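Just so you know, ligand 1 is whichever comes first in the structure, and atom 1 is the first atom listed for that ligand. Since the model is a prediction, treat every value here as computed from it, not as a measurement.
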Amino acid sequence: MTQPSLKPMRVKFSYLEEQFQDVDLYLNDIKDLVLSADFTLGKALEGFERRFAAHCKMPYAIGVASGTDAIMLSLKILGVGPGDEVITTPNTFIATVGAIAMTGARPVFVDSEGGYVIDPSKIEEGITSRTKAIVPIHYTGNVADMPDIMKIARRYGLYVVEDACQAIGASINGQPIGSWGETACFSVHPLKNLNVWGDGGVIVTRSPELAEKLRLFRNHGLVNRDEAVMFGHNSRLDTLQAVVGNRLIQQLDWITERRIANAQRYDEALGELSDFIRVPKRRADVKHVFHLYMVRAERRNELLAYLHRRGVEAKVHYPIPVHLQKAAAYLGYKEGDFPVAEEDSRTIITLPAHQYLTPDQIDYTIEQIRSFYLNER
Ligand SMILES: *Cc1c(COP(=O)(O)O)cnc(C)c1O
């Protein structure tokens, strides 16, 4: 049995204080932008969209104002709106469901499986004559079972919009996320794997028609300064944020590799604590990018407090599943409707796994978990 480490450490959840030590490089890029006054759309954004698409191995990427808008605009451009239903899972960040609701459509939940993603075997129970689309979430950076989801979507003629806000760089069967559904929606919020200095989002698609329509839709439907072919939103990705993204995207492969390595270190050690910690089954066909390193834990709340006392900033994503939020009351769901998602909300814990953590910090975190279960009885 390992003794608890005597030397306390701080294991932060956020990396933002470390990430921009080379801030002057970014500021110089921004200075160039300001002097060129190329503030809306423009060269930097085109460059970012090209790099983003290349990273996703997809032909088209469209920068928008946020991940939430990426989902909402995708659904709206596909014609989803009032009177329609959209299927998703209740264990997600609130924004997925908010984006669906903001189209005027009704969110319909089905339960998730042990890897925190939608359970394809439950989807058909949620389908009615009003169902228009499925929004699977590649939650935590794990990939929803896209081959099965696409089979169901084809059978019922449903659109699929992938919520990939946590999963840039992920793939299944070697096929990148975003290449399955009509679109995939990414966020570059400061806390996502690829992040900028404020809000931002990106939509990727294989379809040249959808790409063209989305480019118009995010920019008032304008084909040029004076002519609009449809009414639209003002939801462009800020060119200033694209400047930041252009520099940071060069680190994305490194960021992803570091997160995967940290997760493997946790997986190996926590696998030995299987009486107390349940690590999701890792699928060999999935490249999981570990936006969140999430496991189920016995006595979760006690463990969380214990880790906090010892300097480890673990978190819970999230203690209230979306169907039990006040915002969702009008949908009429109740406790017990989604047992897997509800059990998740009571037992999951997210451990720090970001790219700036050292192996020592991961080992320290593991040691605290071990001592919580084995020594503190
Ligand atoms: C972050 C996130 C969103 C929303 O992205 P924003 O850029 O914050 O609007 C949507 N879905 C999931 C799963 C997310 O993690």
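There is no side-chain donor-acceptor pair under 3.5 Å between Ser74 and Tyr159.
Ion pairing between a basic and an acidic side chain is recognised when a charged N comes within 4.0 Å of a carboxylate O; Glu367 and Arg370 show no such pairing.
Ring centroids of Phe372 and Phe276 are separated by 6.0 Å or more, keeping the two rings apart.
Taking a heavy-atom cut-off of under 4.0 Å, ligand 1 is surrounded by Ser66, Gly67, Thr68, Thr92, Phe93, Ala95, Thr96, Ile137, Asp163, Cys165, Gln166, Ser187, Lys192, Gly200.
Hydrophobic cluster of Leu35: no remaining members, since no ILVMFWY side chain lies below 4.5 Å from it.
Exactly one residue among Thr365, Thr350, Thr140, Asp267 makes a side chain to side chain donor-acceptor pair (under 3.5 Å) with Tyr293. That residue is Asp267.
Ring planes of Tyr356 and His354: tilted class, angle from 30 to 60°.
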